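Order of the sequence lines sets the chain letters (A, B, ...), proteins ahead of strands, with each chain counted from 1. Quick caveat: nothing in here was measured; it's all calculated off a predicted structure.
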There are 2 protein chains.
Amino acid sequence: MHYVAVVDDFQLLAQAMSTLVNSFKNFQVCYSCNNGKEIIEKLDASLKHPDIILMDVNMPVLNGIQATKYIKDKYPNIKVIAISVENKIKDVLQMLEAGAKSYLLKDIEKSTLEIALTETINKGYYHTEHVSKILVDALHGQEKPMTALKEREMEFLNYACTDKTYKEIADKMFLSPKTIDGYRNTLFNKFNVKNRVGLVLYAIRNQLFNP
Amino acid sequence: MHYVAVVDDFQLLAQAMSTLVNSFKNFQVCYSCNNGKEIIEKLDASLKHPDIILMDVNMPVLNGIQATKYIKDKYPNIKVIAISVENKIKDVLQMLEAGAKSYLLKDIEKSTLEIALTETINKGYYHTEHVSKILVDALHGQEKPMTALKEREMEFLNYACTDKTYKEIADKMFLSPKTIDGYRNTLFNKFNVKNRVGLVLYAIRNQLFNP
DNA sequence: CTTTAAAAGAGGAAAAAACCTATTTAAGTA
DNA sequence: TACTTAAATAGGTTTTTTCCTCTTTTAAAG
């Protein structure tokens, strides 16, 4: 019998997922928490630890990436499986880098979860096709190392993602409208877009701006 | 025994939620679907209907609001309980307006779901404190209930949320650029925005467009 | 068969956005 | 200090967007 901890701020999901895991033959939930801080506190307070932690990525207080880093450092034998509703490339890479053994997406099925748990116990990891693709792309697909934006460019981008005119943005940033013109063209080139709507969408899709 | 249908694009949650509902004494899941279109097709195809539908709000293909409207219209006896990870005021109001009997938030607990199901069967509705507050605020604070978009307006909106120029959109929609001009002005007024970036942001923030 | 309302379309004008090609300024470095 | 580079800035032009007011067409209602 292998013991599993479930960590998810979405309580309904955490509890339901526990029920699901308990229905699997060789697995049993030992505890369920609602954020990274809680699971760490539980681990630090108890002598017997779970074999696997099903860890949500986006949580308040302490998110899955931070919690996983801490856990891998202090309890390297505990295997962490990341579970997220989002499949943002950044999240996946950060989570795996932090030490997660698997990364499951929201469109997973009941049986997949059992397979993921079993494989993680047996082979030490479980990757869906989707995640494997992200990993491969990240390794030799140096296509878009996403040129880091400078402070000022970032500031402009955030204004560009509002209904302000460039003149208004210029005022806000204490720059000439012509300089704003320059920032716009720079970002158009960096992001390979051709107008402001393209810029806004790119920013949102790459988490440079939260709508 | 009351029958429940679960509709959620998050399969893991849909299946887990089904397990949870099945564990309640007087409830049993009759079917589980992954978007609004699926549930409607199942209802239309079968003679025996569920008493309650647990309906996610944000789903692809056909979202919970649209599905609920259809269901309340065609099968007024089926009670819909909305479930959402988001607690956006607009979502709540639209969902209740569409005919949902309850609106549950992501921080719900196992027992709350059972209570919500029971109350909805007995009293016809179940509101958490949080949702009640939104309702009261909405009554006092004149939140305008988002005029529904027409088919063609929706189509235009989706094109407007791309980097296409209005001329290109006109070509795509087989309309004159001047008519497109009209659609734009209509939506500017409906959404109370003043330019295309505002339109795009409004669409995204209100789930009329997925970035 | 009118009356009415909504959708589609048009003309013209002003504002904003987008695209060039420059020059000036500031800052870091050999 | 002189050299180099990037940020800031200008001028000028074209295209697109936005905002008016107005007519035609279509569809629904009395």
Whether B/Tyr202 and B/Phe191 hold their rings parallel, tilted or perpendicular, with breakpoints at 30° and 60°: parallel
Length of the CZ-C1' vector between A/Phe188 and C/dC19, whole Å: 10 Å
Charged N-O contact under 4.0 Å between A/Lys69 and A/Asp73: no
Check residues 192-199 of chain A and write down every donor-acceptor pair under 3.5 Å in which the side-chain atom is one partner and the other belongs to a residue at least two apart or another chain.
unit_1: A/Asn195; atom_1: OD1; unit_2: A/Val197; atom_2: N; d: 3.3
unit_1: A/Asn195; atom_1: OD1; unit_2: A/Gly198; atom_2: N; d: 3.0
unit_1: A/Asn195; atom_1: ND2; unit_2: B/Asp163; atom_2: O; d: 2.7
unit_1: A/Arg196; atom_1: NE; unit_2: A/Ala160; atom_2: O; d: 3.0
unit_1: A/Arg196; atom_1: NH1; unit_2: A/Lys164; atom_2: O; d: 2.8
unit_1: A/Arg196; atom_1: NH2; unit_2: A/Ala160; atom_2: O; d: 3.0
unit_1: A/Arg196; atom_1: NH2; unit_2: A/Thr162; atom_2: O; d: 2.8
unit_1: A/Arg196; atom_1: NH2; unit_2: A/Lys164; atom_2: O; d: 2.6

B/Lys48 charged N/C atom sitting above B/Tyr3 aromatic ring, 6.0 Å / 45°: yes
Distance in angstrom units between B/Leu199 CG and D/dC19 P, rounded: 12 Å
DNA chain D-proximal residues of residues 160-183 of chain B, any heavy atom under 4.0 Å: B/Thr165, B/Tyr166, B/Lys178, B/Asp181
Nearest-angstrom distance from the residue atom NZ of B/Lys190 to C1' of C/dA7: 12 Å
Between P of D/dA6 and CZ of A/Phe156, the distance in whole Å: 20 Å
Pair A/Thr120-A/Ser102, side-chain donor/acceptor within less than 3.5 Å: yes
Spacing between B/Asn185 atom CG and C/dG11 atom P, to the nearest angstrom: 17 Å
Per-nucleotide protein contact string for nucleotides 21-28 of chain D, where B marks a base within reach and S marks sugar-phosphate only (heavy atoms under 4.0 Å, - for neither): --------
B/Arg152 CZ to C/dA8 P, straight-line distance once rounded to whole Å: 7 Å
Atom-to-atom span, OH of A/Tyr159 to P of C/dA16 - whole angstrom: 18 Å
CG-CE distance between B/Leu20 and B/Met17, expressed to the nearest 0.5 angstrom: 8.5 Å
N/O donor-acceptor pair under 3.5 Å between B/Asp9 side chain and B/Asn35 backbone: no
Touch class at under 4.0 angstrom, heavy-atom based, for A/Arg184 against every strand present: base
Integer-rounded Å distance: D/dT18 P and B/Lys194 NZ: 12 Å
Distance, nearest 0.5 Å, that separates CD1 of B/Ile52 from CD1 of B/Ile81: 4.5 Å
Main-chain N/O of A/Ala116 paired to A/Glu119 side chain as donor or acceptor, under 3.5 Å: no
